[in-house]
Amino acid sequence: MISLIIILILFISILHFIYDGIILPSIRQNSRNELFALRDELRWLMIEGIDKKDIPAFNLVHEAINSFSNRLPMLTISVQKKFQSDMENNTRLREAIKKRRDTIDNCNNNDIKRIVGNVNLILKKVYISNSGGWFVYLIPVAITAIVFKKIAEKSAQLAIAPSQEVHRVIPHTNNSMC
């Protein structure tokens, strides 16, 4: 039994290594390339000329893309929780974010708004991808919990089953050896 557990842990470790060392960097690079493409599209909008009152929204989106393009590996659930805690406890941060959100919402350029939406989708994908390595560990725990729950349900049904059915399913054995 202990050898099975060791083999399972080894297998999970290999899966984690493959995901974190091979697959995840490719996902991040793809996301970074998508951010760069959106930044190029945003810059092209500026080159073609945008309304002067949309320039603050342009600057916010451009700054966000530049900030996140190098920080994709750091977008984790723990960072998200820390940010959420800061949001709850820091009035100045909430006000700054509301002001920035209003700048985006009041932007007349729908392309800038679309780019903001696409950036948000990319960042969401990165959050999920960065957490994906932990799913390798959680899946066996979830499967075990589901199996134990099913066993408990069946045991509860068996405990209240009529005696003749219990004797039919579990025939009497000779206990002389016990």
Side-chain angles (χ1 to χ4, degrees), residues 8-9 11-146 148-149:
L8 181 65
I9 290 172
F11 179 72
I12 290 172
S13 299
I14 291 170
L15 286 178
H16 184 96
F17 172 77
I18 289 170
Y19 183 79
D20 265 5
I22 299 170
I23 297 170
L24 188 55
S26 299
I27 293 170
R28 287 183 190 139
Q29 185 60 46
N30 183 53
S31 298
R32 186 173 290 114
N33 291 341
E34 290 174 358
L35 286 174
F36 289 151
L38 289 173
R39 185 182 65 184
D40 291 345
E41 187 179 344
L42 187 67
R43 288 176 175 173
W44 189 250
L45 289 173
M46 179 61 100
I47 291 169
E48 289 180 335
I50 60 174
D51 192 359
K52 283 192 181 229
K53 68 181 210 174
D54 290 340
I55 291 176
F58 166 86
N59 289 332
L60 286 175
V61 177
H62 192 267
E63 175 191 339
I65 291 172
N66 285 335
S67 287
F68 283 110
S69 63
N70 292 325
R71 290 177 174 83
L72 295 180
M74 294 171 248
L75 294 178
T76 61
I77 293 173
S78 61
V79 168
Q80 180 66 23
K81 286 186 179 208
K82 183 182 182 316
F83 179 73
Q84 188 64 35
S85 174
D86 287 350
M87 283 284 292
E88 292 171 2
N89 299 323
N90 189 339
T91 308
R92 231 175 67 212
L93 176 62
R94 281 195 310 270
E95 290 171 1
I97 289 174
K98 183 184 181 322
K99 182 179 176 185
R100 293 167 80 95
R101 172 54 53 200
D102 290 343
T103 301
I104 299 294
D105 290 342
N106 294 329
C107 175
N108 292 327
N109 191 315
N110 288 330
D111 288 326
I112 292 176
K113 289 181 178 181
R114 178 184 50 78
I115 290 171
V116 168
N118 289 341
V119 167
N120 288 335
L121 289 174
I122 291 168
L123 295 179
K124 184 170 116 178
K125 178 177 78 171
V126 171
Y127 269 114
I128 293 168
S129 299
N130 285 343
S131 302
W134 288 105
F135 290 126
V136 175
Y137 297 103
L138 296 177
I139 289 172
V141 172
I143 290 172
T144 303
I146 290 169
F148 282 149
K149 183 178 179 185

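Residues Arg32 and Ser69 come closest through the heavy atom pair NE-O, 2.7 Å. Scanning all heavy atoms of the two residues, the minimum distance from Thr103 to Ala57 falls at CG2-N, 3.7 Å.
The distance from the CG atom of Leu35 to the CG atom of Asn30 is 10.0 Å, given to the nearest 0.5 Å. In this structure, CD1 on Ile47 lies 10.5 Å from CG on Leu42, to the nearest 0.5 angstrom. With values rounded to the nearest 0.5 angstrom, Asp51 atom CG is found 8.5 Å from Asn109 atom CG. Here the straight-line distance linking atom CD of Glu34 with atom CD of Gln29 works out to 11.0 Å at 0.5 Å rounding. In this structure, CG in Leu8 is found 4.0 Å from CD1 in Ile12, a value given to the nearest 0.5 Å. Here the straight-line distance linking atom CD1 of Ile65 with atom CG of Leu60 works out to 11.5 Å at 0.5 Å rounding.
Looking at Ser13, its side chain does come within 3.5 Å of a backbone N or O of Ile9 through a donor-acceptor pair. Side-chain atoms of Asn130 come within 3.5 Å of backbone atoms of Leu72 as a donor-acceptor pair (strictly under, hydrogens ignored). The closest donor-acceptor contact from the side chain of Asp20 to the backbone of His16 lies at 3.5 Å or more, if one exists at all. For Arg39 (side chain) and His62 (main-chain N/O), no donor-acceptor pair under 3.5 Å exists by modelled atom type. Between the Asn89 side chain and the Ser85 main chain, a donor and an acceptor come within less than 3.5 Å of each other. Looking only at distances, no side-chain donor or acceptor of Asp54 sits under 3.5 Å from a matching main-chain atom of Cys107.
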**Request:** Determine, stepwise, if the pair Phe68 / Val119 fulfils side chain to side chain contact (heavy atoms under 4.5 Å, CB included).
**Result:** CA-CA 9 Å; Phe68 283 110; Val119 167; 5.5 Å; no
**Request:** Give the C-alpha distance, both sets of side-chain angles, the deciding distance and a yes or no for side chain to side chain contact (heavy atoms under 4.5 Å, CB included) between Tyr19 and Ile27.
**Result:** CA-CA 10 Å; Tyr19 183 79; Ile27 293 170; 4.2 Å; yes
**Request:** Test side chain to side chain contact (heavy atoms under 4.5 Å, CB included) on Glu48 and Asp111 and set out the steps.
**Result:** CA-CA 12 Å; Glu48 289 180 335; Asp111 288 326; over 6 Å; no
**Request:** Given side chain to side chain contact (heavy atoms under 4.5 Å, CB included), test Asn110 with Arg114 step by step and report yes or no.
**Result:** CA-CA 6 Å; Asn110 288 330; Arg114 178 184 50 78; over 6 Å; no
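Inspection of the Asn59 and Glu63 side chains reveals no N or O donor paired with an N or O acceptor under 3.5 Å.
Open room surrounds CD1 on Ile77; 12 or fewer heavy atoms of other groups in view lie less than 6.0 Å from it. Atom CZ of Arg94 is surrounded by more than 12 heavy atoms from other residues, nucleotides or ligands within 6.0 Å. Residue Phe11 places its CZ atom among 12 or fewer non-hydrogen atoms of other residues, nucleotides or ligands, all under 6.0 Å distant.
Side-chain contact check for Ile50 versus Phe58: some heavy-atom pair is nearer than 4.5 Å.
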